[in-house]
Structure formats: C-alpha cells, structure tokens
Amino acid sequence: MTDRLSDTANTKGSEIWQLRLYVAGQTPKSLVAFANLKKICEEYLHGQYSIEIIDLSQQPHLAIEDSIVALPTLVRKLPEPIKKIIGDLSNTEKVLVGLQIIPLMDKH
C-alpha cells in the first residue's frame, strides 16, 4: 500500500516536483526522513510538490523500479533527471543541492 501526501497548488506555469520516499515501516529513521522532507518541501517548494511514501516492508517488489538498495531513500521522479538521496534527510543543504532545488553556488 502506498500513501500519498499531495500538496499541489496548481499555479499556472509552475513545475510540480514528484518525490518518492522509500521506507521500511514506521521506524524512527523513516519518520525523521519524512518529517525532514516535508519541512524542506514546505519551505522551498511552496506547495509545488507531491510526496509518495512507499513502505517496502509491505511491498518489497517496488524496490526494483527505482533500484533501491538502502533505506530510507528519496527519489525525485520529476523534474527529470531522476535524483536519489539516501538517509534521513537531516542535512538540509545536501538535500537541496542533491535534488537541485538550489544550485551548488547559490547557498542562501
């Protein structure tokens, strides 16, 4: 079963970021990763995102689609290209640069 949290304000001409968070149950690390992701999205993507949470303890076969080898893993499906970040997403700067929400040179 996948849970979808969608905060998508359909502003004309704006891009919707499609993010997929792979977890293994509601472990402390999974919950922290989701909380960190939600905070980053609210602060930097301003409602232009959707988050899909995939619990691999319930649906392990879904790990194949995005070649998941560690958990939690965040996958940016859109905008392309696909990007992946492994871990609890606590390093906000690393997440922002890794997902290309902000460029490497534009840190604040």
Side-chain angles (χ1 to χ4, degrees):
M1 175 171 164
T2 59
D3 295 321
R4 289 186 188 270
L5 170 67
S6 183
D7 287 318
T8 54
N10 289 326
T11 304
K12 193 171 185 165
S14 63
E15 190 166 42
I16 301 297
W17 291 65
Q18 291 182 3
L19 305 169
R20 190 176 281 175
L21 182 63
Y22 288 90
V23 297
Q26 292 192 0
T27 65
K29 196 169 187 177
S30 296
L31 295 173
V32 167
F34 175 72
N36 288 335
L37 177 60
K38 181 74 172 158
K39 180 179 175 212
I40 289 167
C41 287
E42 287 181 354
E43 186 170 344
Y44 293 93
L45 298 179
H46 310 289
Q48 301 302 309
Y49 64 93
S50 66
I51 299 171
E52 181 179 10
I53 300 172
I54 297 178
D55 184 346
L56 293 180
S57 68
Q58 305 270 332
Q59 296 176 300
H61 62 281
L62 294 178
I64 296 167
E65 182 179 339
D66 285 317
S67 302
I68 303 303
V69 295
L71 296 173
T73 295
L74 175 64
V75 177
R76 182 186 81 182
K77 300 297 277 184
L78 290 174
E80 291 185 330
I82 292 172
K83 297 286 184 181
K84 294 181 188 178
I85 297 177
I86 296 170
D88 67 5
L89 312 175
S90 59
N91 184 333
T92 300
E93 184 176 321
K94 180 181 174 188
V95 174
L96 293 173
V97 172
L99 293 178
Q100 296 179 334
I101 293 172
I102 62 169
L104 186 55
M105 302 300 279
D106 183 27
K107 299 184 214 170
H108 305 303

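The residues of the chain are indexed from 1 along the displayed sequence.
- Proximity of K77 to I82: side-chain heavy atoms (C-beta onward) are separated by under 4.5 Å at one or more points.
- A 4.5 Å side-chain heavy-atom check between E93 and L96 finds every atom pair outside the cut-off.
- Taking every heavy atom of both residues into account, S50 and I16 meet most closely at N-CG2, 4.3 Å.
- A pairwise comparison of heavy atoms in S57 and A24 identifies OG-C, 4.2 Å as the closest pair.
- Side-chain contact between P79 and W17: present, with at least one pair of heavy atoms (C-beta onward) separated by less than 4.5 Å.
- To the nearest 0.5 angstrom, C41 atom SG is 11.0 Å from N36 atom CG.
- Y44 OH to T92 OG1: the interatomic distance, rounded to the nearest 0.5 Å, is 6.5 Å.
- A continuous path of Ile, Leu, Val, Met, Phe, Trp and Tyr side chains, each step under 4.5 Å between heavy atoms, connects V97 with L89, placing both in one hydrophobic cluster.
- A salt bridge between R20 and E65 is present, with a side-chain N of the basic residue lying under 4.0 Å from a carboxylate O of the acidic one.
- Counting heavy atoms from C-beta on, the side chains of L45 and I101 come closer than 4.5 Å.
- The backbone N or O of A33 lies less than 3.5 Å from no partner atom in the side chain of D88, so there is not a single donor-acceptor pair.
- The salt bridge (charged side-chain N to carboxylate O under 4.0 Å, His left out) test applied to E43 returns no partner, not counting sequence neighbours.
- Hydrophobic clustering, with ILVMFWY side chains joined whenever heavy atoms are under 4.5 angstrom apart, groups L19 together with I102.
- Contact annotation: the side chain of P81 approaches that of R76 to within less than 4.5 Å [non-hydrogen atoms, C-beta and beyond].
- Side-chain contact between I53 and V23 is present, with at least one heavy-atom pair separated by less than 4.5 Å.
- Closest approach of K83 to L99, counting heavy atoms only: CB-CD2, 4.3 Å.
- When every heavy atom of K84 is checked against every heavy atom of T73, the shortest pair comes out as CB-CG2, 4.5 Å.
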Stepwise, does the side chain to side chain contact (heavy atoms under 4.5 Å, CB included) test hold for L21 with V75?
CA-CA 6 Å; L21 182 63; V75 177; over 6 Å; no

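- Between the side chains of K38 and Y49, at least one donor N or O lies within less than 3.5 Å of an accepting N or O.
- Residue Q18 holds its CD atom at 9.5 Å from CD of E80, rounded to the nearest 0.5 Å.
- Connection of I86 to I51 is not established within any shared hydrophobic cluster, with ILVMFWY side chains joined at heavy-atom distances below 4.5 Å, either directly or through further cluster members.
- No donor-acceptor distance shorter than 3.5 angstrom exists from the side chain of D66 to the backbone of I68, with no hydrogens or angles considered.
- Within 6.0 Å of atom NZ in K39, 12 or fewer heavy atoms from other residues, nucleotides or ligands are found, so the atom counts as exposed in its surroundings.
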